[in-house]
Amino acid sequence: MAFFTNLAPFFLFSAFVLLLLVTLSAPIIDPIYLFRLLADVGGSAAGARGSIQFGVFGYCVSAIEASVFGIDNTRDAECSSPRLGYRFDSTVARVLGVSGVTDLISRTLTALLVLNPIATGLTFLAFLTSLFMLRKGANGTARLPSFLTLGVGFLAALITTVAFIANIVIVAVVRNRIRDDLDDSIDLSDYAVRKGHTATY
């Protein structure tokens with residue numbers, strides 16, 4: 001039993017760090033994101049290429065490279081302001097080369113992403129209570145910290161599972177709505193859209 005008592009803080013701290021990275025995803029830390037859309041629009045005379053990384057509190061648009069008759073132009077990268085519950089704006093439509101993406105996902109659905117920081121906080125609380133399990137009482141056990149760690153850890157695991165499911169639902173909704181907006185005129189395989197528009201989820 002002492003072996004598991006010593007491992008609990010390590011596993012809870014590891015879970016906390018991973019959840020913290022998800023919570024601090026784009027636009028706070030641009031290279032970390034929940035999902036990404038890549039766009040490559042154009043033909044032989046003109047074209048544009050860019051990507052959008054979506055995170056818990058917003059999204060970041062990469063530098064957009066455009067070429068018209070051999071003249072190259074690059075637009076700087078930009079990120080949305082970090083906020084709870086965001087909507088896609090005209091920048092997203094311009095990068096993807098599609099119209100009507102402002103209604104692609106609701107603010108309510110992205111507000112579900114608040115479960116990620118809640119899960120992170122509860123996991124950190126479970127980690128703190130697990131540290132008290134390392135200190136034994138007069139009878140050689142640490143029952144109260146063990147029960148507190150079990151309760152808070154179970155709640156953290158439950159909220160983390162719901163947050164994970166919400167993240168998957170958001171990605172699935174965006175993927176299906178992008179596919180519908182492109183009128184099924186392109187083939188979807190391996191999460192990539194080919195022919196004219198290229199989007200990777």
- Is it possible for you to say whether Leu21 and Ile170 belong to one hydrophobic cluster, with membership spreading through side-chain heavy-atom contacts below 4.5 Å? yes
- Message: Counting C-beta onward and ignoring hydrogens, is there a side-chain heavy-atom pair between Val152 and Thr123 closer than 4.5 Å?
- Response: no
- Query: Can you name the nearest heavy-atom pair linking Phe57 to Ile28, along with the distance?
  - Reply: CD1-CD1, 3.8 Å
- What distance do Leu115 atom CG and Thr23 atom OG1 have between them, rounded to the nearest 0.5 Å? 10.5 Å
- Atom CG of Leu19 and atom CD1 of Ile118: how far apart are they, to the nearest 0.5 Å? 12.0 Å
- Task: Can you measure from OG1 (Thr120) to CG (Leu20) and round to the nearest 0.5 angstrom?
- Result: 6.0 Å
- Least distance between heavy atoms, Asn6 atom then Leu134 atom: OD1-CD2, 3.3 Å
- Query: Hey, does Leu18 have a side-chain heavy atom less than 4.5 Å from the side chain of Val22?
  - Reply: no
- Could you grab the distance from atom CE of Met133 to atom CG of Leu150, nearest 0.5 Å is fine? 9.5 Å
- Pairwise side-chain contact, Ile32 with Ile29, heavy-atom cut-off 4.5 Å (strictly under): yes
- Ile165: partners by side-chain contact (heavy atoms from CB on, under 4.5 Å), with sequence neighbours left out: Thr161, Val169
- Are any side-chain N or O atoms of Asn176 and backbone N or O atoms of Ala172, one a donor and one an acceptor, separated by less than 3.5 Å? yes
- So which heavy atom on Leu34 is nearest to which on Ser25, and how close? CG-OG, 4.5 Å
- Any chain of hydrophobic side-chain contacts (each under 4.5 Å) joining Leu112 to Phe35? yes
- Same apolar cluster (I L V M F W Y, side chains within < 4.5 Å links), Phe127/Val17: yes
- Note on the structure: When rounded to the nearest 0.5 Å, the distance separating CZ of Phe164 from CG of Asn116 is 11.0 Å
- Nearest non-hydrogen partners of Leu84 and Ala111, listed with the distance: CD1-O, 3.8 Å
- Task: Please find out if less than 6.0 Å separates the ring center of Phe54 from that of Tyr59.
- Result: yes
- Smallest separation among heavy atoms of Cys79 and Pro27, with atom names: CB-CB, 3.8 Å
Sequence neighbours excluded and cut-off under 3.5 Å, please list the side-chain donor-acceptor pairs for residues 8-16, or say none.
unit_1, atom_1, unit_2, atom_2, d
Ser14, OG, Phe10, O, 2.9

- Using the test side-chain hydrogen bond (donor to acceptor under 3.5 Å, both in side chains), find all partners of Thr129 that sit at least two apart in sequence or belong to another chain. Thr149
- Message: Hydrophobic clustering (ILVMFWY, side-chain heavy atoms < 4.5 Å, transitive) - are Ile52 and Leu24 grouped together?
- Response: yes
- Task: Determine the minimum heavy-atom distance between Gly55 and Leu113, stating which atoms define it.
- Result: O-CD1, 3.8 Å
- Message: Count I, L, V, M, F, W, Y as connected when their side-chain heavy atoms are under 4.5 Å apart, and connections chain through other members. Are Val171 and Val56 then in the same cluster?
- Response: yes
